[in-house]
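One structure is given below, encoded as structure tokens.
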There are 2 protein chains.
Amino acid sequence: MANIRHIAKLAGVSVSTVSRVLNGHPYVREEKRLAVEQAMNSLNYARNMNAVHLLRGRTDMIGVMLPSINHPYFSKLVEGISDEALQAGCRLVLCQTGYAEEEERNALHMVKEKQIDGLILCSKALGWDEIVPYAAFGSIVACGEDAGGLLPSVFIDHYASFRAGIRHVMSKGHTRIGLALSRYASHSSDQRRQAYWDAITEIGEQHREDWTFYDCYGIEDGAQVVRQLHGMAERPTAMLVTGDQVAAGMIAEAAKLGIRVPDDLAILGFDNQPIAHVLGITTIDNQLHEMGREAFRMLQVSLLGEEPPVSRVEIPFALVERTTV
Amino acid sequence: MANIRHIAKLAGVSVSTVSRVLNGHPYVREEKRLAVEQAMNSLNYARNMNAVHLLRGRTDMIGVMLPSINHPYFSKLVEGISDEALQAGCRLVLCQTGYAEEEERNALHMVKEKQIDGLILCSKALGWDEIVPYAAFGSIVACGEDAGGLLPSVFIDHYASFRAGIRHVMSKGHTRIGLALSRYASHSSDQRRQAYWDAITEIGEQHREDWTFYDCYGIEDGAQVVRQLHGMAERPTAMLVTGDQVAAGMIAEAAKLGIRVPDDLAILGFDNQPIAHVLGITTIDNQLHEMGREAFRMLQVSLLGEEPPVSRVEIPFALVERTTV
DNA sequence: GTAAATTATGAAACGCTTTTCATGTCAAGC
DNA sequence: GCTTGACATGAAAAGCGTTTCATAATTTAC
């Protein structure tokens, strides 16, 4: 493999000159520039970026931590991040963790080891206390959840969005309301539970633990929820469902079981994914694409160094009324 | 930032010894090992992987080239690749190209510049002639399409799968059949067109250019197709649709327009995505997850060097009969 | 015509770790 | 008591491009 020294020798110049040509610096005589370019061509030269990275102390790559890329929530988010990164000449390294803490640590370690300049956390299992120290080695930003002033964050106010969702559901006359959430132990689930409890309490109802389902991510999980509901003596008349995929699964299963949506069971989804569009699911749009873009922008300013008091950007949400509530 | 020399000095040993500790080599006296470990802790040391990469000439990262991650076809594929990569201790660098040739070249360039050890091509616009030379600098494997012996490939026999699809559609009595494809100029579209033409010719029908739609990727594209069909005097009674997202869009739009599926219009999807499950779309399962895994495995053996005569693995497909044909 | 400013170029240092080679110590074996 | 082999350790080179510093060659300015 040709290196810069080979080129220098072949072109009859010093490595400095080759480097200057490589980087488009001025102060290289046309005649030498040509000689260098010719040498590079004839040896089919490409510089070794690892040397550049070592020298610069920067790789122009950032990591994206998420449990799984094969979920529309995350792939939409990543697309947003990627779009913005592309413009900045920055590459994305996928860190699929499946919420395994060791994998999350590995991803964080990459910034300490300078493999990546920063990391965007799309969802995580680790506590902030274990994450924050890594911010000393690169920029780490939270995306989709507020890191509470510990790290720059782009997020949705899950409490408010859930309240808005419940308000809408209640406006249709529902008082018996259930929930399908993702992980039990996550900040967003906390907020959502709280919003649910507060709203339910306000109308003088009891919140029902048996109407609260966890670990709902995909279509199959939604189907499972409906099956369980079907077997209950007392059932909710409406469900708030985090993720349109899950809502879609519920709708499909409901159809099989002869449960009419929204008459027997109203369903409110979240994220406004394409599937919600097709199935006419009433949902809350979280502008995931924009959130991803903003996360990257935030990381970028954080990379520049002089950080102001840890920025926090809230992405607005919007109810998209269709036919399932 | 602490480096290995600082550690050596603080621990009172040579850098060689520190390196040995770092890499778990034997032949380090317990006492020195402890001193080194203590020094590393107190300086909060982590090695600079860029130096390691430079030295090794390898980064344990590979690129994944695709037009957009926000499409279930690709995110499923990437998940498969990622699962296998994780086991091999290899990271994935996302190369979203949007089919822009310059972006594709950039991705290829990364392997020449040793930023990545290899590249998996999930879909591309560039011709093989421009791609193949880069295989000299790292492993490049084609995933989803056969590179015709030029590169290791994992692929589906699109001709056969389309023939199987058409056979199924015809078995339900359809003779007036249309097509919704993705890019006009792609190997898979060529194969599919050919399968369609051959099948249509066999039953003595004419293939209809006006029933062939291109650039169909998402739900909205499917809706568009149905709208166009709706305005036609002569319509097909069945459509073969590459991608369940597109099929889903068609079904949703058909419902709006009062077109009954499958009675007025039969729809056969491809890929067996979750959305096909929910909507009961008859589809052809291409085992994308497995295809991704196989692609990585292939890249890995190719990385080992002694390549046998360019491996080619065909992934079998299977008809999943549901309710839309 | 000379001082000052530009333009050009190369040597050497730097960034950081791994690996090879040489050297040295110590215990086992005969 | 001396040779082997195993165990330990450090110096130095290698991997490769960028940048600083010093020097040299030209121009420009007055």
Side-chain angles (χ1 to χ4, degrees), chain A residues 1-37 39-40 43-61 109-117 137-138, chain B residues 1-40 43-61 89 109-117 137-138:
Chain A
M1 280 268 34
N3 66 28
I4 200 175
R5 265 161 252 274
H6 298 149
I7 304 297
K9 188 175 236 176
L10 183 59
V13 299
S14 71
V15 292
S16 324
T17 302
V18 179
S19 177
R20 276 187 271 264
V21 172
L22 232 28
N23 295 285
H25 280 304
Y27 299 165
V28 179
R29 203 146 37 189
E30 195 53 25
E31 149 205 348
K32 301 219 173 191
R33 160 168 286 118
L34 251 45
V36 168
E37 275 163 1
M40 293 199 299
L43 293 184
N44 197 9
Y45 172 80
R47 66 181 168 181
N48 187 327
M49 284 309 278
N50 294 131
V52 179
H53 292 161
L54 171 59
L55 204 63
R56 288 214 223 288
R58 189 163 50 79
T59 60
D60 290 322
M61 297 197 196
H109 208 60
M110 286 177 75
V111 357
K112 191 167 178 182
E113 287 181 325
K114 291 179 175 296
Q115 276 205 74
I116 48 179
D117 302 339
F137 304 99
Chain B
M1 281 268 31
N3 66 29
I4 201 173
R5 256 162 263 273
H6 299 148
I7 304 298
K9 188 175 235 177
L10 184 60
V13 299
S14 72
V15 291
S16 322
T17 301
V18 178
S19 177
R20 276 187 271 263
V21 172
L22 231 30
N23 295 285
H25 281 304
Y27 299 165
V28 179
R29 202 148 36 191
E30 195 54 25
E31 151 205 347
K32 301 218 171 192
R33 158 168 287 118
L34 251 46
V36 168
E37 275 163 1
Q38 198 176 324
M40 293 199 298
L43 294 184
N44 197 10
Y45 171 80
R47 64 181 169 181
N48 187 325
M49 284 309 278
N50 294 130
V52 179
H53 292 162
L54 171 60
L55 203 63
R56 288 215 223 288
R58 188 162 51 80
T59 60
D60 290 322
M61 298 197 195
H109 208 60
M110 287 178 74
V111 357
K112 192 168 176 182
E113 287 181 325
K114 290 179 175 297
Q115 277 205 75
I116 48 180
D117 302 339
F137 303 100

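Just so we're on the same page: letters track the sequence lines, and every chain starts at 1.
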| remark: Letter by letter from the 5' end, nucleotides 8-21 of chain D scores (B base, S sugar-phosphate only, - none; protein heavy atoms under 4.0 Å) SBBBB-BBBBBB--

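Read 5' to 3', the first and last nucleotides of DNA chain C with an atom closer than 4.0 Å to a heavy atom of chain B are C:dC16 to C:dT19.
Evaluation of the side-chain hydrogen bond (donor to acceptor under 3.5 Å, both in side chains) rule for A:Asp117 yields A:Thr59 as partners, not counting sequence neighbours. When the side-chain hydrogen bond (donor to acceptor under 3.5 Å, both in side chains) test is applied to B:Lys112, the partners found at least two apart in sequence or on another chain are A:Asn44. Checked against side chain to side chain contact (heavy atoms under 4.5 Å, CB included), B:Glu31 has the following partners two or more places apart in sequence or in another chain: B:Arg29. In terms of the side-chain hydrogen bond (donor to acceptor under 3.5 Å, both in side chains) criterion, B:Arg56 has no residue partners (sequence neighbours excluded). Scanning for salt bridge (charged side-chain N to carboxylate O under 4.0 Å, His left out) contacts around A:Arg58 gives A:Asp60, with sequence neighbours left out. Every residue two or more places apart in sequence or in another chain that forms a side chain to side chain contact (heavy atoms under 4.5 Å, CB included) with A:Leu43 is listed here: A:Ala2, A:His6, A:Ile7, A:Leu10. Taking the side-chain hydrogen bond (donor to acceptor under 3.5 Å, both in side chains) definition, one finds that A:Asn3 meets it with nothing, sequence neighbours left out.
Comparing the helix axis at one end of the helix from C:dG1-D:dC30 to C:dC30-D:dG1 with that at the other, each defined from 5 consecutive pairs, gives an inter-axis angle of 30° (nearest 10°).
Nearest heavy atom pair, residue B:Gly57 against residue B:Lys114, reads O-NZ, 4.2 Å.
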Donor-acceptor pairs are to be reported for all side-chain atoms of residues 15-24 of chain B against protein atoms at under 3.5 Å, with residues two or more places apart or in another chain.
| residue | atom | partner | partner atom | Å |
| --- | --- | --- | --- | --- |
| B:Thr17 | OG1 | B:Ser14 | OG | 3.4 |
| B:Ser19 | OG | B:Asn23 | ND2 | 3.4 |
| B:Asn23 | OD1 | B:Arg47 | NH1 | 3.3 |
| B:Asn23 | ND2 | B:Ser19 | O | 2.7 |

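Residues B:Glu37 and B:Arg33 meet the side-chain proximity criterion, which asks for heavy atoms closer than 4.5 Å.
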